[in-house]
Amino acid sequence: MKLILSLIPAFMLFFQTSDLEALRNSYAKANQSNANTQAFITIAEKQSASDPVTVGYKAAAQIMEAKVTTEKGKRKTFVKTGATSLENVIKNNPNTIELRVIRLSVQENIPKIVGYHSSLKDDKTFILNNYNKQNSALKSYIQKFAAQSKTFSPAEKASLK
C-alpha cells in the first residue's frame, strides 16, 4: 500500500514534467509562424498546473495572443493582462531562471512601441549568473534560447556551455 501511495506523486511529477516539456517545445517554435503561435496558445490554455513556470508560459501565451487576434481592440488588453501576470509571477518567484528566460524572450520579440522592455539587461544578467546552477535539461533549453537571442553577445552565448 505504501508503495502505491509513493508512486502516485512520482507519476504526477512525470506527467507534469512532460506537460512542461510540451510547453517549452511549443514556446520555442511559437515565433516562427502564426500557426505555431496559435498551437502554443492552445497548449498553454489546456494546462491545469498552477506552478510558477506554467503560469509564466500561460502569461506569455496571453501576450502572444495579441499577435494572432483579429480583434484590434483586444490586442492591448492581451498584452497588458499577460505582462501583468508575468510580472506578478516573477515578483513572487524572483529566483526562477525559466521565468526570466520567458520574460526576456517576450521583451525581445514584442514591438518596441508597446514599451515592455525594461527588464532585458536584468534578466540577461540573472540568466548568465545562475546558468551553472540549473539541471541539464534547463541548461539545454537556455542554450537554445540564447543561440537565437538578440540580447546575448557571441561571448555570452559561448559562456553558456
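Everything numeric here is computed off the predicted structure, so don't read it as measured data. Note that these values count all heavy atoms, side chains included, but never hydrogens, waters or copies made by symmetry.
A distance of 9.5 Å separates CG of Asp123 from OG of Ser105, quoted to the nearest 0.5 Å. Note that OG of Ser119 is 9.5 Å distant from CG of Leu104, once rounded to the nearest 0.5 Å. Residue Ile41 holds its CD1 atom at 7.0 Å from CE of Met64, rounded to the nearest 0.5 Å. In this structure, OH on Tyr57 lies 13.0 Å from CG on Asp19, to the nearest 0.5 angstrom. With values rounded to the nearest 0.5 angstrom, Ser149 atom OG is found 16.0 Å from Lys144 atom NZ. For the atom pair Asn129 CG and Lys124 NZ, the distance stands at 11.0 Å (nearest 0.5 Å).
Taking the ring centre of Tyr131 as origin, the terminal cationic atom of Lys139 falls inside the region bounded by 6.0 Å and 45° from the ring axis.
The two residues Ala49 and Thr54 make their nearest non-hydrogen contact at O-CG2, 3.6 Å. Closest heavy-atom contact between Asn130 and Gln134: O-NE2, 2.9 Å. Between Ala44 and Ala61, the closest heavy-atom pair is CB-CB, 3.6 Å. Scanning all heavy atoms of the two residues, the minimum distance from Ala30 to Phe40 falls at CB-CB, 3.8 Å. Here the closest non-hydrogen pair linking Ala60 and Ile102 is CB-CG2, 3.8 Å. Between Asn36 and Ser33, the closest heavy-atom pair is N-OG, 3.0 Å.
More than 12 heavy atoms of other residues, nucleotides or ligands lie within 6.0 Å of NZ in Lys157, so this atom counts as buried by the packing criterion.
Under the 3.5 Å distance criterion, the side-chain polar atoms of Thr42 are matched with a main-chain donor or acceptor of Gln38. Side chain of Thr96 to main chain of Leu99: no donor-acceptor pair is present (N/O by atom type, distance under 3.5 Å, no hydrogens or angles).
No side-chain donor from either of Glu98 and Tyr141 sits under 3.5 Å from a side-chain acceptor of the other. Under the 3.5 Å distance criterion, with hydrogens and angles disregarded, no donor-acceptor pair is assigned to the side chains of Asn34 and Thr37. Side-chain atoms of Gln62 and Thr81 include no donor-acceptor pair closer than 3.5 Å.
Ring geometry for Phe145 against Phe152 counts as perpendicular: the plane angle is over 60°, on a 0 to 90° scale with 30° as the lower cut.
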For a quick test of your reading: what N or O donor-acceptor pairs under 3.5 Å do the side chains of residues 82-94 make, sequence neighbours left out?
unit_1: Thr84; atom_1: OG1; unit_2: Lys80; atom_2: O; d: 2.8
unit_1: Glu87; atom_1: OE1; unit_2: Arg103; atom_2: NH1; d: 2.8
unit_1: Glu87; atom_1: OE2; unit_2: Arg103; atom_2: NH1; d: 3.4
unit_1: Glu87; atom_1: OE2; unit_2: Tyr116; atom_2: OH; d: 2.6
unit_1: Asn88; atom_1: ND2; unit_2: Thr84; atom_2: O; d: 3.3
unit_1: Asn92; atom_1: ND2; unit_2: Asn88; atom_2: O; d: 3.2
unit_1: Asn93; atom_1: ND2; unit_2: Val89; atom_2: O; d: 3.0

Is there a side chain to side chain donor-acceptor pair (under 3.5 Å) between Glu108 and Thr151? Walk through the geometry before answering. CA-CA 7 Å; Glu108 269 188 354; Thr151 303; 2.5 Å; yes
Verdict with reasoning, Thr125 to Asp122, per side chain to side chain donor-acceptor pair (under 3.5 Å): CA-CA 5 Å; Thr125 301; Asp122 292 339; 5.8 Å; no
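Ion pairing of Glu45 with Lys58 is absent here, as no side-chain N (NZ or NE/NH1/NH2) approaches a carboxylate O to less than 4.0 Å. The pair Arg75-Glu65 fails the salt-bridge criterion, with no side-chain N (NZ, NE, NH1 or NH2) lying under 4.0 Å from an Asp/Glu carboxylate O.
When side chains are defined from C-beta on, Leu138 counts as touching Arg24, because their heavy atoms get closer than 4.5 Å.
Grouping the Ile, Leu, Val, Met, Phe, Trp and Tyr side chains by contacts below 4.5 angstrom, directly or via other members, places Val55 apart from Phe78.
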